[in-house]
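Order of listing sets the numbers, starting from 1, for every ligand and every atom in it.
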Amino acid sequence: MHFDFLLIGQGLAGALLAHFLQKAGASVAIIDDAQRGGASVEAAGLINPITGRRFAKSWRIDELIPFAEHTYAELEAQFQQPFFQYRPIIRALFSAKEDNDWVARAGESFFSKYLKEASDEGPLRGFIQPAYGFGQIEGSAQVEVAALLSAFSARSKQEGRLIQANFDHSKLILEKGKARYETLLADRVVFCEGYGLHKNPFFNYLPMEGNKGEVLLVRIPGFPREVIFKHKVFIAPFGGDLFWIGASYLREFTDELPSAGERERMENHLRRALKTPFTVVDHRAAIRPTVSDRRPLLGLHPEYPQLAVFNGLGTKGSSLAPFWGAHFADVLLQGVPLDPEVDIRRFRNN
Ligand SMILES: Cc1cc2nc3c(=O)[nH]c(=O)nc-3n(C[C@H](O)[C@H](O)[C@H](O)COP(=O)(O)OP(=O)(O)OC[C@H]3O[C@@H](n4cnc5c(N)ncnc54)[C@H](O)[C@@H]3O)c2cc1C
């Protein structure tokens with residue numbers, strides 16, 4: 001069977017790239033190992049324009065959010081299912097300094113679109129503990145990543161374009177201008193393996209660091225679902241009647257499994273944040289595909305142009321995958337120059 005593209009991995013990177021390649025008329029097959037999990041299915045899908053202790057504006061967020069909204073709307077229309085929702089973030093402020101910094105930022109035009117002063121805890125009143133103050137982030141959103149990927153897999157499987165299996169790099173045969181894998185022949189193979197990249201013999205020279213995230217899924221009876229709460233952890237609505245609590249950021253890790261220590265730490269944070277009781281129903285972990293310079297990894301292999309990589313979405317796959325998936329499809333199909341900020345040629349292969 002011959003395809004224009006064979007994608008390895010169907011997390012946010014693989015799914016969004018496939019969407020744009022197919023939209024432009026290319027044929028796409030995907031190999032994804034469902035057993036392996038991945039970062040996307042554990043994500044809350046938060047798109048947060050203002051992050052960190054210094055309330056920094058996320059990289060290129062003014063372009064990323066409208067593009068993401070438009071792309072997820074296209075996918076919602078295709079699958080007849082909601083995936084994207086604007087949802088304000090109410091952020092607890094813990095000191096006079098934080099409160100002052102927030103108010104000062106809210107007054108700057110560079111931030112004012114996203115960062116608002118909040119007089120109180122709004123709809124969360126009665127559910128959360130008092131804080132020094134509260135701020136509100138607007139323009140933030142949440143993507144139902146697991147639902148999107150499951151709809152995507154079901155359709156690709158039905159169309160006979162998804163192979164749910166492990167991809168064995170040693171079985172890839174590179175021919176002139178093409179690549180062969182078992183019964184599949186493709187003009188290009190694009191690796192979208194998330195943290196799995198570190199085992200990819202063609203691209204493991206790229207500086208993928210990896211960052212382990214652990215999350216709790218909990219029930220909090222009556223807790224509002226129309227906002228996201230940021231205390232020491234995020235509390236975000238999740239599937240069914242669950243809430244997503246997380247996530248930890250661990251640069252040092254020895255496995256991909258949930259740990260008793262992180263569970264205790266997150267439960268303690270939750271106890272300090274909430275006035276109301278909660279029940280933990282699940283505890284999960286995955287590795288984020290983070291890169292040393294915190295920028296995505298897009299590009300062609302320096303020796304084998306039939307091999308390409310789309311990775312490095314780090315902590316922000318929900319906002320980055322649509323924009324960079326569309327850009328990479330333009331690069332691969334129309335020869336548009338690759339944006340140097342994300343081009344893997346910034347790293348040497350030696
Ligand atoms: C706990 C946690 C919370 C997060 N929360 C958010 C959030 O709120 N907002 C946000 O924007 N981002 C969040 N992220 C980050 C986000 O999940 C990532 O940026 C994004 O999922 C990366 O997508 P990806 O497709 O590159 O990788 P992945 O989702 O890991 O997908 C890679 C896929 O490749 C497959 N694969 C790998 N190797 C092989 C192989 N050899 N053969 C076959 N298949 C293979 C895997 O099975 C997997 O399906 C979070 C991450 C974690 C871990």
Side-chain angles (χ1 to χ4, degrees), residues 6-18 30-49 51 58 61 64-65 68 84 87 89 140-146 148-150 152-153 162-172 181 189-204 208 210-217 228 230 233-234 236-238 244-250 253 256 258 262 266 283-291 294 296-298 309-325:
L6 171 61
L7 307 192
I8 312 305
Q10 199 220 239
L12 276 167
L16 270 296
L17 178 60
I30 304 173
I31 299 180
D32 182 78
D33 187 1
Q35 305 296 320
R36 218 181 253 258
S40 302
V41 285
E42 306 307 346
L46 305 182
I47 298 182
N48 181 5
T51 59
S58 279
I61 200 68
L64 295 177
I65 292 183
F84 179 94
R87 213 163 247 156
I89 299 175
S140 46
Q142 196 175 3
V143 180
E144 297 209 25
V145 180
L148 170 65
L149 294 181
S150 135
F152 209 88
S153 291
L162 174 65
I163 299 159
Q164 289 180 309
N166 179 55
F167 178 85
D168 180 350
H169 301 83
S170 69
K171 290 189 184 159
L172 186 67
Y181 185 76
V189 178
V190 189
F191 293 102
C192 309
E193 302 157 295
Y195 184 62
L197 181 84
H198 72 289
K199 290 192 185 146
N200 180 319
F202 302 102
F203 287 105
N204 61 4
M208 169 145 304
N211 183 304
K212 181 173 172 180
E214 297 195 29
V215 299
L216 298 178
L217 299 184
I228 295 157
K230 169 76 171 77
V233 283
F234 279 96
F238 206 59
W244 183 101
I245 310 301
S248 57
Y249 292 86
L250 303 168
F253 52 90
E256 304 191 1
E262 278 307 307
M266 286 191 286
H283 175 201
R284 302 190 195 167
I287 313 296
R288 303 173 181 90
T290 51
V291 182
R294 297 175 177 210
L297 297 169
L298 276 67
V309 65
F310 179 34
N311 207 316
L313 302 184
T315 59
K316 299 191 173 110
S318 310
S319 53
L320 295 173
F323 187 87
W324 295 110

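- Proximity to A39 (heavy-atom distance under 4.0 Å) selects the following atoms of ligand 1: 17 (O), 21 (O), 28 (P), 29 (O), 30 (O).
- In this pair, F202 and F191 present their aromatic rings parallel. The plane angle is below 30°, not in the 30 to 60° band.
- Which parts of ligand 1 touch S318 is read off a 4.0 Å heavy-atom cut-off, strictly below it: atoms 9 (N), 10 (C), 11 (O).
- At under 3.5 Å, not a single nitrogen or oxygen of E214, backbone or side chain, sits near a nitrogen or oxygen of ligand 1.
- Near G11, meaning under 4.0 Å from one of its heavy atoms, ligand 1 places the atoms 25 (O), 29 (O), 31 (O), 33 (C).
- Closest non-hydrogen pair, A39 versus I287, comes out as CB-O, 3.5 Å.
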Checking F234 against I245 for the side chain to side chain contact (heavy atoms under 4.5 Å, CB included) test, could you report, in this order, the C-alpha distance in whole Å, the side-chain angles of both residues, the deciding distance, and whether it holds? CA-CA 6 Å; F234 279 96; I245 310 301; over 6 Å; no

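- When atom types are taken as modelled, the side chain of S248 and the backbone of G213 share no donor-acceptor pair closer than 3.5 angstrom.
- For ligand 1, the polar-atom distance check against L12 finds a nitrogen or oxygen pair separated by under 3.5 Å.
- An N or O contact shorter than 3.5 Å links G317 to ligand 1 by distance.
- Contact record, L64 with W324: CD2-NE1, 4.3 Å, taken as the closest heavy-atom pair.
- Distances shorter than 4.0 angstrom do not occur between any heavy atom of F234 and any atom of ligand 1.
- At least one heavy atom of A165 sits less than 4.0 Å from an atom of ligand 1.
- Closest heavy-atom approach to atom 41 (N) of ligand 1 among the candidates R36, K199, R284: R36.
- Inter-residue side-chain proximity for P237 and I228 is flagged as met; some heavy-atom pair is nearer than 4.5 Å.
- Judged by distance alone, the side chain of S140 and the main-chain N or O of R87 form a donor-acceptor pair under 3.5 Å.
- In this structure, atom 2 (C) of ligand 1 lies nearest to the protein heavy atom R288 NH2, 4.0 Å.
- The distance criterion of under 3.5 Å between nitrogen or oxygen atoms is not met by N311 with respect to ligand 1.
- At the shortest separation from atom 44 (N) of ligand 1 among protein heavy atoms lies D33 N, 3.0 Å.
- Using a 4.0 Å cut-off between heavy atoms, C192 contacts ligand 1 through its backbone alone, with no side-chain atom that close.
- Of all the heavy atoms in G11 and D32, the pair that sits closest is N-OD1, 4.5 Å.
- Protein heavy atom closest to atom 49 (O) of ligand 1, with residue, atom name and distance, is D32 OD1, 2.7 Å.
- Regarding atom 27 (O) of ligand 1, its nearest protein heavy-atom neighbour is G194 CA, 3.4 Å.
- Between the OH atom of Y249 and the NZ atom of K212 there is a distance of 15.5 Å, given to the nearest 0.5 Å.
- Nearest heavy-atom pair across V41 and A146 is O-CB, 4.5 Å.
- Looking at atom 3 (C) of ligand 1, its nearest protein heavy atom turns out to be W244 CZ2, 3.6 Å.
- Under a 4.0 Å criterion applied to the non-hydrogen atoms of G213, ligand 1 contributes the atoms 1 (C).
- Residue E42 places no N or O, backbone or side chain, under 3.5 Å from any N or O of ligand 1.
- In this structure, N166 CG and D33 CG are separated by 5.0 Å, a value rounded to the nearest 0.5 Å.
- One finds the CD atom of Q164 at 11.5 Å from the CD1 atom of I31 (value rounded to the nearest 0.5 Å).
- Close approach of ligand 1 to G314 is summarised as follows: ligand atoms under 4.0 Å from at least one heavy atom of the residue are 15 (C), 16 (C), 18 (C), 19 (O).
- In this structure, R36 is not positioned above the aromatic face of Y195 in the sense of NZ or CZ being under 6.0 Å from the six-membered ring centre and within 45° of the axis.
- In terms of modelled atom types and a separation under 3.5 Å, the side chain of N200 and the main chain of F203 share a donor-acceptor contact.
- Using a 4.0 Å cut-off to heavy atoms of G45, the atoms of ligand 1 that qualify are 7 (C), 8 (O), 9 (N).
- Under the 4.0 angstrom criterion for non-hydrogen atoms, P289 is in contact with ligand 1.
- Across the listed options G14, A13, A15, A43, A43 owns the non-hydrogen atom lying nearest to atom 6 (C) of ligand 1.
- Near V215, meaning under 4.0 Å from any of its heavy atoms, are these atoms of ligand 1: 1 (C).
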Chi angles and distances behind the side chain to side chain contact (heavy atoms under 4.5 Å, CB included) call for M208, L297: CA-CA 9 Å; M208 169 145 304; L297 297 169; 4.3 Å; yes

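- Closest approach of L313 to A321, counting heavy atoms only: CD1-CB, 3.8 Å.
- Among all protein heavy atoms, the one lying closest to atom 21 (O) of ligand 1 is S40 OG, 2.6 Å.
- Nearest heavy-atom pair across A236 and Q142 is CB-NE2, 3.8 Å.
- Comparing heavy-atom distances from atom 48 (C) of ligand 1 across S248, G37, A236, G325 singles out G37 as nearest.
- Ranking the protein heavy atoms by distance from atom 12 (N) of ligand 1 puts T315 O, 3.1 Å first.
- On a distance-only criterion, F167 and ligand 1 share at least one N/O pair closer than 3.5 Å.
- Counting protein heavy atoms only, atom 9 (N) of ligand 1 is closest to L46 O, 2.9 Å.
- Close approach of ligand 1 to G38 (heavy-atom distance below 4.0 Å) involves ligand atoms 30 (O).
- Inclusion of G9 in the set of residues having an N or O under 3.5 Å from an N or O of ligand 1 is not warranted.
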